[in-house]
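Have a look at the structure below, then the notes.
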Amino acid sequence: MQSYTIGQAARLLGVSPDTARRWADAGRIATHRDDGGRRLIDGRDLAAFSVELAQSAPGGEEDVSCTSARNAFPGIVTAVKLGDVAAQVEIQAGPHRLVSLLTREAVEELALEVGMRATARVKATSVHIDRI
């Protein structure tokens, strides 16, 4: 199972390392120490926490970003559902939940599993920009 440092987790969650450290200190997310004494978070725990964090985020117009979204969304895999031919992969990238439908073969070749880092890349024929 892949583990993440506090700094890596912070980047995946879209917060500062200090915020991630405070959450760990408060017991909101479990950590353990490696042989070098660094605090690490198990990938599955981070995936579950990222979903919980996104679901508990307050909604509303004041939370809408004033920037244009980029085409690459680095995040953490939160779910993998395999069918006979197709698969569904969910990635939590900060406050953004992205769902991709792809072949089972692609998921197996990439060895995707819950808790690992992945980047969702979006290609569209049109781009919308909102400014609130």
Side-chain angles (χ1 to χ4, degrees):
M1 171 53 56
Q2 186 166 357
S3 293
Y4 299 90
T5 65
I6 294 286
Q8 290 171 326
R11 280 190 297 282
L12 291 170
L13 296 171
V15 299
S16 73
D18 286 337
T19 297
R21 198 171 294 109
R22 282 192 296 274
W23 286 339
D25 290 344
R28 288 188 65 189
I29 187 162
T31 63
H32 64 278
R33 296 204 182 262
D34 67 5
D35 294 336
R38 294 183 309 164
R39 288 171 49 173
L40 300 175
I41 301 168
D42 284 334
R44 288 190 182 272
D45 292 338
L46 184 58
F49 182 73
S50 70
V51 171
E52 174 189 323
L53 191 63
Q55 290 174 344
S56 68
E61 291 183 20
E62 61 276 0
D63 293 325
V64 175
S65 176
C66 293
T67 63
S68 173
R70 301 298 189 259
N71 289 339
F73 295 86
I76 187 167
V77 176
T78 57
V80 176
K81 298 174 187 165
L82 296 174
D84 291 338
V85 176
Q88 178 178 314
V89 176
E90 294 181 24
I91 294 177
Q92 193 70 42
H96 308 289
R97 177 179 165 259
L98 296 113
V99 180
S100 178
L101 299 176
L102 57 162
T103 65
R104 179 185 180 118
E105 180 181 7
V107 171
E108 290 171 347
E109 283 179 10
L110 293 169
L112 294 176
E113 63 181 38
V114 172
M116 70 184 311
R117 269 189 318 201
T119 299
R121 297 202 183 272
V122 179
K123 181 178 179 185
T125 57
S126 63
V127 177
H128 300 265
I129 301 172
D130 295 333
R131 169 111 171 115
I132 302 294

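One-based numbering along the sequence shown.
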Can Arg22 and Asp25 be counted as an ion pair, charged N to O under 4.0 angstrom? no

Do you know the tightest heavy-atom contact between [X] and [Y]?
X      : Y     : value
His32  : Ser3  : CE1-OG, 3.7 Å
Tyr4   : Ala9  : CB-N, 4.3 Å
Pro74  : Ala93 : O-CB, 3.3 Å
Arg104 : Gly83 : NH1-O, 2.8 Å
Leu12  : Gly75 : CD2-O, 3.4 Å

According to a 4.5 Å side-chain heavy-atom criterion applied to Ile, Leu, Val, Met, Phe, Trp and Tyr, with indirect links allowed, do [X] and [Y] form part of one hydrophobic cluster?
X     : Y      : value
Ile76 : Leu110 : yes
Ile41 : Leu53  : yes
Phe49 : Val77  : yes
Leu40 : Met116 : no
Ile91 : Leu112 : yes

Is it true that, when you exclude Arg121 itself, more than 12 heavy atoms of the residues, nucleotides or ligands shown sit nearer than 6.0 Å to its CZ? no

Other residues, nucleotides, ligands: >12 heavy atoms within 6.0 Å of Gln88 CD: yes

N/O donor-acceptor pairs under 3.5 Å from side chains in residues 94-101, not counting sequence neighbours:
{"from": "Arg97", "atom 1": "NE", "to": "Glu90", "atom 2": "OE1", "distance (Å)": "3.2"}
{"from": "Arg97", "atom 1": "NH2", "to": "Glu90", "atom 2": "OE2", "distance (Å)": "3.3"}

Beyond-backbone contact of [X] with [Y], side-chain heavy atoms, under 4.5 angstrom:
X     : Y      : result
Arg21 : Arg39  : yes
Thr78 : Val114 : no
Leu13 : Trp23  : yes

So how far is it from [X] [atom1] to [Y] [atom2], rounded to the nearest 0.5 Å?
X      : Y      : atom1 : atom2 : answer
Ile6   : Thr31  : CD1   : OG1   : 6.0 Å
Leu46  : Ile29  : CG    : CD1   : 5.0 Å
Glu108 : Glu105 : CD    : CD    : 8.0 Å

Is a side-chain N or O of Arg44 found less than 3.5 angstrom from the main chain of Gly115, in a donor-acceptor match? no

